[in-house]
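If you read the sequence from its start, that first residue is 1, and numbering goes on from there.
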Amino acid sequence: LEIEGYEAVVDKEGKPILTAEGEPQYKPKRGFLSKFITRMTSGGAEGADRTFAKTAHELGIPIINFTFGQHQAKAMLNKGMPRKLSRPQLEEANEEVNKTGISLGRPVENMKPYSLDLQRRNWYIVKNANSVYAVGPILRSGELAMKAVDGGTGWGVDMAIRHGKKVYVFDNSNKKKHSGKVANKWYEFNHELGVFQEMAKIPPRPPKNWAGIGSREISKTGEKAIETLLTTHFKGKELVPTKEEAAELKAARAERKTN
């Protein structure tokens with residue numbers, strides 16, 4: 001299987017290294033991702049993840065979907081490159097998962113193994129992202145009102161918040177329990193006040209490294225919000241720097257190394 005910009009993971013003899021399920025593994029070719037002015041990480045799930053991936057793919061944005069053994073088949077349904085996490089890598093995220101469990105008041109002790117791996121995967125999605133764009137229902141009552149997001153999306157959002165990243169959430173859900181309780185507007189997390197605040201317009205353009213995540217249960221309004229966000233900022237835009245821009249970036253990196 002040939003995938004533009006990616007190559008098979010091989011051993012010292014050049015033979016493909018297969019997963020436990022007998023599937024080939026791929027990795028980005030050296031320098032392939034760095035040439036793009038933006039790239040997205042996500043979780044390979046239904047709903048918001050899928051809409052983010054589909055829209056980003058149509059605009060030519062590289063996508064990496066973090067996944068794991070039991071989840072990989074689902075991730076393969078989304079546009080982008082699945083990045084399968086090993087068991088040791090998943091275990092490395094335990095500290096972050098535990099901290100978020102405490103932050104959200106959601107103990108992990110009784111969590112099912114599959115659900116726990118989903119939260120571990122969430123850490124890798126946001127870990128290297130400078131900004132996180134999410135679609136999900138912001139909590140409106142209790143101690144965490146306007147401070148957190150409901151459901152699985154809340155874990156990735158909390159991890160990003162705790163690490164001081166810029167977080168934007170489109171308050172949306174099609175679940176019955178959220179009916180009439182979502183604003184269908186963009187909110188930005190204010191780190192100084194510790195709460196989400198409504199935005200007057202859509203969030204700024206995603207930076208070079210960003211995450212696109214969200215609930216499986218989003219409405220058509222939520223899908224439209226994702227499409228509008230990405231097409232507004234990237235449709236018709238050149239995602240690979242010109243030779244002049246590349247030279248400027250190279251010179252800037254060299255200057256930082258000497259200072």
Roughly how far, to the nearest 0.5 Å, is the [atom2] atom of [Y] from the [atom1] atom of [X]?
X: H178; Y: S173; atom1: NE2; atom2: OG; value: 5.0 Å
X: S131; Y: N209; atom1: OG; atom2: CG; value: 9.5 Å
X: E217; Y: K177; atom1: CD; atom2: NZ; value: 9.0 Å
X: L118; Y: F66; atom1: CG; atom2: CZ; value: 14.5 Å
X: M159; Y: L104; atom1: CE; atom2: CG; value: 9.0 Å
X: L229; Y: T55; atom1: CG; atom2: OG1; value: 9.5 Å

Indicate yes or no: at least one non-hydrogen side-chain atom of [X] is less than 4.5 angstrom from one of [Y].
X: W123; Y: H163; result: yes
X: F189; Y: V169; result: no
X: N98; Y: V108; result: yes
X: P204; Y: M199; result: yes
X: I61; Y: F234; result: yes
X: T67; Y: Y124; result: no

ring-ring contact (aromatic ring centres under 6.0 Å, His included) partners for [X], two or more places apart:
X: F52; result: none
X: H71; result: F68
X: H233; result: none

Would a distance-only check, ignoring hydrogens and angles, find a side-chain to backbone donor-acceptor pair under 3.5 Å from [X] to [Y]?
X: S103; Y: K99; answer: no
X: N94; Y: E91; answer: yes
X: N78; Y: A45; answer: yes

As a quick check of understanding, evaluate side-chain hydrogen bond (donor to acceptor under 3.5 Å, both in side chains) for T100 and R162, giving each step before the final call.
CA-CA 8 Å; T100 284; R162 287 191 297 99; 3.1 Å; yes

State yes or no: do [X] and [Y] share one hydrophobic cluster built from I, L, V, M, F, W and Y residues joined by side-chain heavy-atom distances below 4.5 Å, directly or via other members?
X: I64; Y: L85; value: yes
X: V182; Y: I202; value: no
X: Y114; Y: I213; value: yes

I'd like to know whether NZ of K165 has more than 12 heavy-atom contacts from other residues, nucleotides or ligands below 6.0 angstrom.
yes

Enclosure of E95 CD (heavy-atom neighbours >12, cutoff 6.0 Å)
no

What heavy-atom pair brings [X] and [Y] nearest, and what distance separates the two atoms?
X: K84; Y: Q89; result: O-OE1, 4.1 Å
X: W155; Y: V97; result: CZ3-O, 3.5 Å
X: T51; Y: E223; result: OG1-CG, 3.7 Å
X: G164; Y: H191; result: CA-CE1, 3.7 Å
X: T38; Y: P206; result: OG1-O, 4.1 Å
X: I125; Y: T41; result: O-OG1, 2.7 Å

Salt bridge (charged side-chain N to carboxylate O under 4.0 Å, His left out) partners of K176, counting only residues at least two apart
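By the salt bridge (charged side-chain N to carboxylate O under 4.0 Å, His left out) rule, K176 matches no residue at all.
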
Return the set of residues passing salt bridge (charged side-chain N to carboxylate O under 4.0 Å, His left out) with E92 (not counting sequence neighbours), or none when no residue passes.
none

Derivation of the side-chain contact (heavy atoms from CB on, under 4.5 Å) call for M111 and Q119:
CA-CA 10 Å; M111 190 176 288; Q119 311 319 331; 3.9 Å; yes

Indicate whether the side chain of N172 and that of N184 have a donor and an acceptor atom separated by less than 3.5 Å.
yes

Does a donor on one side chain and an acceptor on the other come within less than 3.5 Å for Q197 and N190?
yes

Derivation of the side-chain contact (heavy atoms from CB on, under 4.5 Å) call for N65 and D49:
CA-CA 9 Å; N65 294 312; D49 286 15; 6.0 Å; no

Ring pair (Phe, Tyr, Trp, His ring centres under 6.0 Å) pairs touching residues 133-152, sequence neighbours excluded, are Y133-Y168, Y133-W210

Do [X] and [Y] sit within salt-bridge range, that is, some charged N less than 4.0 Å from a carboxylate O?
X: R216; Y: E46; value: no
X: R140; Y: D150; value: no
X: E96; Y: K127; value: no
X: D158; Y: R106; value: no

The test is side-chain contact (heavy atoms from CB on, under 4.5 Å); show your working for M146 and L139 and say whether it passes.
CA-CA 6 Å; M146 301 307 295; L139 293 176; over 6 Å; no

Please assess D171 against K185 for the test side-chain contact (heavy atoms from CB on, under 4.5 Å), listing each intermediate value before the final yes or no.
CA-CA 6 Å; D171 185 32; K185 296 178 181 179; 5.8 Å; no

